[in-house]
**Q** 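If you scroll down you'll find the structure; I have some questions about it.
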Amino acid sequence: MNDANPPIELRAHGVTRDIRDLVGIEELEQLVGEAGERSFRAKQLAGWIFARGVESFDAMLDLPKGFREYLKHHFMIGSGATATVARSSDGTRKLLVRLQDSEAIESVIIPSREVEATPDGDQVKQRITLCMSSQAGCAMACEFCATARMGLHRNLSVGEILSQVFLARRELADGEHLTNYVFMGMGEPLANYPRLIAALKIMTAEWGMGISPRRITVSTVGIVPMMERLASEIPVRIAVSLHATNDQLRDRLAPINQRYPLEVLLEACKQLPIKHRERITFEYVMLRGVNDSIDDAKRLVKLLAPLRAKVNLIFFNAFEGSGFATSSRDAVEDFQAILRKGNLTATIRESRGLDIAAACGQLYAEQASASG
Ligand code: SAH
């Protein structure tokens, strides 16, 4: 055991601690040391809690009985989060995840088809994306986003971020597997940086969940210093919610722009250590009469020309009291055509799960407090 480390805190906020909240293999090694076990047990334990995702210490058959009893006494597995599921007619499934303190977040399972080029021609594969939340609510106050209306309730813990994966896996049918993970649910992931990075490390570690970082996308409204830090720490994909081509409009739609205006944001994007042949995705929500003109499209081409960028056009998904309307399909296609003419890759993201309010920007979880 490393004497420099304070002992592992066995309880958090007076409740039994979620073992998935121990933020890395070092902590697990320390725990194992404190329990008087040999250090190789840490990887065994990690395999059970992260890779296999078991929910009971009794299932960890290759651990000594005494150690299992110790673990049972001090920890729980999982954050006590439970999920209620709504199913869309298009296969999308929305999980309303209730956390131990009654806060609620949402995660969305989105099946789609992925075309992969192989030496034998194109192969169509089933892609299943899990859209994950990073915070209960959000403090970023983007004008067109339902989650923003909640304000920030609190950050999610590492265990809570990860619990979304385990809860989602339970909802998959036989033969279905999660293939992609996007932090595009509730919250601003980079505003919960320490927990996000710990969760990403567990997700991508060999001893953890073994997911390729290329299959994980972190979407941000553009918190510049944190973007730079993320890119330097772990090679996940980065998506930036742009939504406007001038500061005046972006200041209003995404107020963080007042702190990191377009020029600063795009310069930072340009400098990100992006792997060869990889590009940054810019999300652009199409708001009728607000940001969807031909001039906007031309300005977007100019802004992104110096970058390795691709653009994802998103139909605005309405919610009550939003005050915005989505652009028509024609307007979105005209916009896309101009981007393509300007040599930008531009795709249109079809709204999924609309009938269960699971589409982008529609996630809004009401808190079930004791008082109702
Ligand atoms: N906070 C992060 C991640 C969450 S949102 C971010 O800003 O990127 C995922 C995407 O959905 C963002 O691009 C967000 O701007 C967009 N979005 C928000 N509200 C929307 C709405 N009502 N319709 C369509 N997209 C929306």
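For ligands, and for the atoms within them, numbers begin at 1 and follow the listed sequence.
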**Q** Any chance the rings of His243 and Phe282 have centres within less than 6.0 Å?
**A** no
**Q** Run the salt-bridge test on Glu283 and Lys310 with the 4.0 Å N-O cut-off and return the result as yes or no.
**A** no
**Q** Would you say Val285 has any N or O atom under 3.5 Å from an N or O of ligand 1, going by distance alone?
**A** no
**Q** Measure the shortest side-chain to side-chain distance between Thr204 and Ile234 over non-hydrogen atoms and say whether it is less than 4.5 angstrom.
**A** yes
**Q** Considering only NZ, NE, NH1 and NH2 on the basic side and carboxylate oxygens on the acidic side, decide whether Arg299 and Asp296 come within less than 4.0 Å.
**A** yes
**Q** Residues in salt bridge (Lys or Arg N to Asp or Glu O under 4.0 Å) with Arg214, at least two apart?
**A** Glu278
**Q** What are the atoms of ligand 1, with element, lying closer than 4.0 Å to any heavy atom of Cys145?
**A** 18 (C), 19 (N)
**Q** Between Phe324 and ligand 1, which part of the residue brings a heavy atom under 4.0 Å of the ligand: side chain, backbone, both or neither?
**A** neither
**Q** Need the ligand 1 atom indices (1-based, order shown) with element for anything under 4.0 Å from a heavy-atom of Thr220.
**A** 6 (C), 7 (O), 8 (O)
**Q** Would you mind listing which atoms of ligand 1 come within a distance below 4.0 Å of any non-hydrogen atom of His243?
**A** 13 (O), 14 (C), 15 (O)
**Q** Only heavy atoms of Glu283, strictly under 4.0 Å: list the atoms of ligand 1 that pass.
**A** 10 (C), 12 (C), 13 (O)
**Q** Any ion pair linking Glu29 and Arg41 (charged N to carboxylate O, less than 4.0 Å)?
**A** no
**Q** Below 3.5 angstrom, do we get any N/O pair linking Gly187 and ligand 1?
**A** yes
**Q** I'd like to check which ligand 1 atoms, numbered from 1 as shown, lie under 4.0 Å from a non-hydrogen atom of Phe316.
**A** 21 (C), 22 (N), 23 (N), 24 (C)
**Q** May I ask whether Met140 has any heavy atom positioned less than 4.0 angstrom from an atom of ligand 1?
**A** no
**Q** Checking salt bridge (charged side-chain N to carboxylate O under 4.0 Å, His left out) between Arg20 and each of Glu27, Glu160, Glu55, which is the one that passes?
**A** Glu55
**Q** Could you say whether the N/O atoms of Arg349 and ligand 1 ever approach to under 3.5 Å?
**A** no
**Q** For ligand 1, which atoms sit closer than 4.0 Å to a heavy atom of Val221?
**A** 6 (C), 7 (O), 8 (O)
**Q** If you draw the axis of the six-membered ring of Phe67, does the NZ or CZ of Arg38 fall within 45° of it and under 6.0 Å from the ring centre?
**A** no
**Q** For atom 8 (O) of ligand 1, which of Ala318, Cys138, Cys142, Ser241 has the closest heavy atom?
**A** Ser241
**Q** Using a 4.0 Å cut-off to any heavy atom of Gly185, which atoms of ligand 1 qualify?
**A** 4 (C)
**Q** Could you check whether any side-chain heavy atom of Cys138 comes within less than 4.5 Å of a side-chain heavy atom of Leu152, counting everything from C-beta outward?
**A** no
